Amino acid sequence: MNKKILVTGGAGFIGSSVIKQIINTTDCDVINVDKLSYSGDLESLDSVKESKRYYFEKIDICDETNLKKIFEKHEPDVVMHLAAESHVDKSIKSPFEFIETNIIGTYVLLEQARLYWNKLNNNKKANFKFHHISTDEVYGDLNDKETLFSEESKYDPSSPYSASKASSDHLVRAWHRTYNLPTIVTSCSNNYGPYQFPEKLIPLTITNALNGIEIPIYGNGLQVRDWLYVDDHAEALVLVALNGNNGESYCIGGHNEIKNINVVKSICKALDMHRPSNFKKITKYEELISYVEDRSGHDRRYAINAKKIESELKWKPKENFDSGIKKTVEWYLNNQDWCKRVKNKSNQDFINRDSTSWKELF
Ligand code: NAD
């Protein structure tokens, strides 16, 4: 019988890519549990929403009563937990929602999964998996050029976001150690690609440039991130959810270490080629770059050693940064209406750095 995968946060940037991956490459059913916060948007799932294997449940993962009903109604074999508050700047401004969804929400989901799992028959119980999707930011800062994060790295989070994700990782591990719940944790580097809410570096840069608005760069812009195209991450996640070993953790990364300033410059160059500026004040988009005060607690470098998932599960990213950013820029060029709509839909009070741009924009 085909498996049923319950995906939390499936209307988000990575979750929607995961759901499309499951529907398009497996015979599994998918139950998308999402409360549709400002960053969740169902349009990203238009291509699969008519599938008989896709179900949507609009539910907050902190809502114990309704979560219980969902487990009873759908009887999932696998849980892939992506629902989270995910924007570092927002976590610095209003940490409470991060504590609520990322820590309390993960606790509620784990408990409901455990109570459901306890009642399963032996076969279904033995094959159950709870896959928690986390971030390399839980490991904090790499202060030299050579070291890479791996499954053995020590936890040392810097921001309220990464601290809340680290807390949720610890809860998941404790539920495995204490209750034997079959869990797996994956920690991934920065993702980019279509349908990323335009508050994050890459979509913000594209959108600001196309509207002739300053492109803010924190500090000196020399912070290094290891960029992974979102569909490559989704492919890795589905592999882990179906074939990963219980109790294990896997680091996922793209071998694409790039300084933030170079990411922004490469986007500006791509835009110069595909949509040359017709703003009177600039001839090249790079002229919009504006250095702003650094983010508090800003980590300098993240980079991942992905050898374990590459050797054990034979996963490798398909995109390099050049091919991935080309696809991404093209997508945003063709989908500025989406950016405008999701921004208008959200009543987010953006941090000062962004708020001027956003107010000017829409
Ligand atoms: P996102 O903000 O685009 O999506 C989050 C989704 O979760 C949204 O659809 C939102 O509606 C939903 N959600 C939020 N709170 C909820 C709640 N209480 N109940 C139910 N649904 C809720 O985030 P993303 O970038 O797709 O990230 C997904 C996961 O991957 C997160 O756990 C994040 O920590 C992790 N991650 C992200 C990256 C990255 O670069 N974006 C990298 C590594 C790991």
Side-chain angles (χ1 to χ4, degrees), residues 13-14 86-92 134-163 165-166 186-193 196 199-206 208-209 215-230 232-233 236 250-270 285-286 289-310 316-317 319-329 351 353-354:
F13 165 51
I14 302 173
S86 66
H87 188 37
V88 177
D89 289 341
K90 194 174 163 240
S91 83
I92 295 169
S134 193
T135 163
D136 60 357
E137 299 192 30
V138 297
Y139 302 128
D141 205 8
L142 286 169
N143 54 15
D144 62 48
K145 288 193 176 122
E146 282 83 40
T147 315
L148 300 172
F149 292 132
S150 74
E151 293 76 10
E152 278 76 45
S153 295
K154 89 174 165 56
Y155 277 68
D156 190 14
S158 306
S159 69
Y161 164 65
S162 53
K165 289 297 289 186
T186 50
S187 312
C188 187
S189 57
N190 280 42
N191 283 214
Y192 67 102
Q196 186 168 34
E199 63 192 343
K200 306 267 170 74
L201 181 67
I202 288 179
L204 180 79
T205 298
I206 300 171
N208 278 18
I215 301 167
I217 287 278
Y218 276 138
N220 56 14
L222 299 181
Q223 307 86 356
V224 173
R225 302 292 180 258
D226 178 357
W227 293 94
L228 180 65
Y229 191 67
V230 64
D232 281 328
H233 187 196
Y250 298 89
C251 281
I252 307 171
H255 307 294
N256 284 308
E257 280 190 57
I258 309 178
K259 295 185 180 89
N260 283 351
I261 183 65
N262 293 340
V263 168
V264 169
K265 284 183 176 171
S266 69
I267 293 170
C268 289
K269 283 199 180 78
Y285 288 107
E286 269 188 40
I289 293 174
S290 159
Y291 290 89
V292 300
E293 191 184 335
D294 208 355
R295 167 196 279 168
S296 318
H298 207 176
D299 291 328
R300 281 155 295 180
R301 176 173 168 257
Y302 307 135
I304 286 277
N305 174 348
K307 281 211 174 84
K308 180 173 171 181
I309 184 169
E310 287 173 1
K316 251 196 182 326
E319 307 291 347
N320 58 34
F321 189 73
D322 287 345
S323 63
I325 201 70
K326 185 168 178 287
K327 283 185 178 183
T328 306
V329 169
I351 60 147
R353 176 179 74 106
D354 293 343

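As the structure is a prediction and not an experimental result, all values here were calculated from the model. As a basis for the values below, the full set of heavy atoms in this structure was taken, side chains included, without hydrogen atoms, waters or symmetry mates.
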Test side-chain hydrogen bond (donor to acceptor under 3.5 Å, both in side chains) on Ser86 and Lys200; report intermediate values, then the result. CA-CA 10 Å; Ser86 66; Lys200 306 267 170 74; 3.1 Å; yes
With Gln223, which of Asp299, Asp294, Leu201 fulfils side-chain contact (heavy atoms from CB on, under 4.5 Å)? Asp294
Any sub-3.5 Å donor-acceptor pair from Asp156's side-chain atoms to Tyr139's backbone N or O? no
Just by distance, do the side chain of Asn305 and the backbone of Lys307 share a donor-acceptor pair under 3.5 Å? yes
Shortest non-hydrogen contact from Ile206 toward Ile267: CG1-CG2, 3.6 Å
Which atom pair, heavy atoms only, marks the closest approach of Ile304 to Ser189? CG1-CB, 4.0 Å
I'd like to know whether NZ of Lys308 has more than 12 heavy-atom contacts from other residues, nucleotides or ligands below 6.0 angstrom. yes
Minimum heavy-atom distance between Ser150 and Cys251, given as atom pair plus value: C-SG, 3.4 Å
Closest non-hydrogen atoms of Leu204 and Pro216, given as atom of the first, atom of the second and distance, are CD2-CG, 4.1 Å
Do Lys269 and Glu286 meet the salt-bridge criterion of a basic N to acidic O distance under 4.0 Å? yes
Within this structure, what is the CD1-CD1 distance for the pair Ile261 and Ile217, rounded to the nearest 0.5 Å? 4.0 Å
So how far is it from Ser266 OG to Phe321 CZ, rounded to the nearest 0.5 Å? 4.5 Å
If a pair satisfies salt bridge (charged side-chain N to carboxylate O under 4.0 Å, His left out) and one of its residues is in residues 252-261, list it, with sequence neighbours excluded. Glu257-Arg301
Verify, without hydrogens or angle tests, whether Asn190 (side chain) and Arg225 (backbone) share a donor-acceptor contact under 3.5 angstrom. no
What is the distance from atom CD1 of Ile289 to atom CG of Asn208, rounded to the nearest 0.5 Å? 11.5 Å
Would you give the length of the straight line joining atom NE2 of His233 to atom SG of Cys188, rounded to the nearest 0.5 angstrom? 3.5 Å
Can a donor-acceptor pair be found, under 3.5 Å and without considering hydrogens, that links the side chain of Asn262 to the backbone of Asn260? no
Ring-ring centroid check His298 Tyr218, cutoff 6.0 Å: yes
Give the ring-plane orientation class for Tyr192 versus Trp227, where under 30° counts as parallel, over 60° as perpendicular and anything between as tilted. perpendicular
Judged by atom type as modelled, is there a donor-acceptor pair below 3.5 Å linking the side chain of Asp226 to the main-chain atoms of Gly254? yes
To check you understand the geometry: which heavy-atom pair defines the closest contact between Gly324 and Glu319, and what is its length? N-OE1, 3.9 Å
Is a side-chain N or O of Ser162 found less than 3.5 angstrom from the main chain of Val138, in a donor-acceptor match? no
Show the numbers, then the answer: is there a side chain to side chain contact (heavy atoms under 4.5 Å, CB included) between Ile325 and Ile202? CA-CA 9 Å; Ile325 201 70; Ile202 288 179; 4.0 Å; yes
Under the criterion side chain to side chain contact (heavy atoms under 4.5 Å, CB included), I'd like the reasoning laid out for Asn191 against Phe13: C-alpha separation, chi angles, the key distance, then a yes or no. CA-CA 9 Å; Asn191 283 214; Phe13 165 51; 3.5 Å; yes
Could you tell me the separation between the CZ atom of Phe149 and the CG atom of Leu142, rounded to the nearest 0.5 Å? 3.5 Å
With heavy-atom distances below 4.5 Å as the criterion, would you say the side chains of Arg295 and Val88 are in contact? yes
Determine the minimum heavy-atom distance between Ala209 and Ile215, stating which atoms define it. CB-CD1, 4.0 Å
Distance, nearest 0.5 Å, that separates CD of Glu151 from OG1 of Thr186: 10.5 Å
State, with a plain yes or no, whether a side-chain heavy atom of Val230 is found less than 4.5 Å away from one of Gln196. no
Could you go through the side chain to side chain contact (heavy atoms under 4.5 Å, CB included) check for Glu137 and Tyr302 one step at a time? CA-CA 7 Å; Glu137 299 192 30; Tyr302 307 135; 3.4 Å; yes
